[in-house]
Amino acid sequence: MKKIFFLLAFFLFSISFNTSYAYKVGLLMPTQNETRWYNDGFVLEQKMKNAGFQAELFFAGDADVALQQRQITRVINEGCNALVIGSIDGAALTEVLKEAKQKNIKVISYDRLITGTDAVSYYATFDNAKVGELQGRFLIGRLKPYASDDVKYIELFYGSIDDNNARYFFNGAMKYLQPHLDSGKFVIRSKQIDPKVIQTPAWSTQEAAKRMSSLIEQYNYRPSGERLDAVLAPADCIALGIVSALKREGFTDSNMPVITGQDASPEGLELVKSGALGMTILKNPDDLSSVVVEMVEAIAEGKEPQINDTTTYDNGVYVVPSYLCEPKIVTKKNMKDLIKNL
Ligand code: BGC
């Protein structure tokens with residue numbers, strides 16, 4: 001009798017032990033082809049595991065929307081408690097997430113806002129407007145429109161139009177650039193300013209290089225041709241394409257227009273170091289993944305996660321409670337202090 005009681009107690013103990021450690025979280029990253037997402041995926045997976053969660057990590061190939069939809073459906077069908085999703089097309093997950101909502105699986109939007117659904121519970125990201133503001137302010141600091149009567153020539157690049165973040169980056173930068181465009185101190189020779197025209201589909205480096213090459217052809221932006229003082233690039237992946245197109249036309253690290261970036265990717269940091277890129281932005285994956293792990297911990301314990309923004313991110317259905325981390329500007333001057341292992 002004693003033995004049976006002992007076995008029963010052991011059985012019950014192991015069930016409760018297992019369930020407390022079987023909290024499953026699906027981690028879905030948008031692409032394996034950009035270091036930003038590759039790093040984030042593995043940092044997040046490790047932190048989840050360290051916190052005792054069962055985590056499964058997926059990359060959606062080369063930003064393949066249909067593949068990401070299938071991956072989400074698969075994780076939901078296999079059974080999970082929470083999903084952390086870095087979307088490709090923020091508006092393309094409405095259908096697949098209906099199932100998550102029905103099964104009471106909590107969804108955290110990672111870095112990029114998932115729109116058009118109430119299946120998203122929380123949003124963990126960086127202050128996206130601030131990213132754009134840092135880029136715009138940096139260009140003002142380098143072009144110094146207040147210092148002389150000189151006109152400065154600039155061109156603008158926009159991120160992928162299906163990514164909600166792209167709008168925040170652009171509007172943040174334009175807050176600083178627009179007044180100088182209005183006053184005529186800054187001139188866009190191409191006059192291209194409409195997001196639909198200046199967008200970079202899928203944040204593709206090749207697409208950015210292609211558009212920059214065509215601007216060079218049309219407006220003769222060459223060291224011996226028409227002046228180009230600056231290019232607003234929302235992210236390193238886009239800046240890389242711009243720099244390579246300009247280098248093909250004879251620009252060097254020392255006569256390169258001022259170009260912005262974002263992500264502090266290894267490739268971006270190389271360019272900041274060499275002087276080809278004026279700045280990039282550090283979005284520390286440790287910061288964002290810690291926020292996400294804390295969110296999942298709170299959800300698992302039936303508590304409300306800590307959030308610091310309840311007004312900014314309307315996804316078309318409701319304002320998603322968000323936690324915004326702090327992005328930091330990286331220039332040649334501060335990069336050694338800011339980035340370890342340089
Ligand atoms: C992210 C950026 C990234 C870009 C391209 C955006 O949604 O916030 O950090 O550079 O996507 O991947």
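Counting convention: from 1, in listed order, for ligands and their atoms alike. Here, residue 1 is the first one in the sequence, and each next residue gets the next number.
The aromatic rings of F42 and Y38 sit perpendicular, their planes meeting at an angle over 60°, well past the 30° parallel limit.
Where the criterion is an N or O separation shorter than 3.5 Å, residue side chain and backbone included, N128 fails it with respect to ligand 1.
Under 4.0 angstrom from ligand 1, the non-hydrogen atoms of F169 all belong to its side chain. By the criterion of a heavy-atom distance under 4.0 Å, neither the backbone nor the side chain of T31 is placed next to ligand 1.
Within ligand 1, the atoms closer than 4.0 Å to a non-hydrogen atom of D163 are 6 (C), 7 (O), 11 (O), numbered from 1 in the order shown. Numbered from 1 in the order shown, with element, the atoms of ligand 1 that lie under 4.0 Å from a heavy atom of R36 read 1 (C), 2 (C), 8 (O), 9 (O). Listed by number with element, the atoms of ligand 1 under 4.0 Å from a non-hydrogen atom of A235 are 10 (O). Near K283, the atoms of ligand 1 lying under 4.0 angstrom from a non-hydrogen atom of the residue are 1 (C), 2 (C), 8 (O), 9 (O).
Protein heavy atom closest to atom 12 (O) of ligand 1, with residue, atom name and distance, is E34 OE1, 2.7 Å. Of the protein's non-hydrogen atoms, R112 NH2, 2.8 Å is the one closest to atom 11 (O) of ligand 1. The protein heavy atom nearest to atom 1 (C) of ligand 1 is D111 OD2, 3.2 Å. Looking only at protein heavy atoms, the nearest one to atom 3 (C) of ligand 1 is D263 OD2, 3.4 Å.
Under the 6.0 Å cut-off for aromatic ring centres, Y168 and Y313 qualify, their centroids lying closer than that. Taking the six-membered ring wherever Trp is involved, the centroid distance between the rings of Y123 and Y323 does not fall below 6.0 Å.
Atom NZ of K328 is surrounded by 12 or fewer heavy atoms from other residues, nucleotides or ligands within 6.0 Å.
Neither side chain, Q218 nor S190, offers a donor N or O lying under 3.5 Å from an acceptor on the other. For the residue pair N164 and R167, a side-chain donor N or O sits within less than 3.5 Å of a side-chain acceptor on the partner.
F126 does not count as a contact of ligand 1, since none of its heavy atoms falls under 4.0 Å from the ligand.
Contacts classified as side chain to side chain donor-acceptor pair (under 3.5 Å) and involving residues 86-95 (residues at least two apart or in different chains) are given here: E95-K98.
For Q306, there are no side-chain hydrogen bond (donor to acceptor under 3.5 Å, both in side chains) partners, not counting sequence neighbours.
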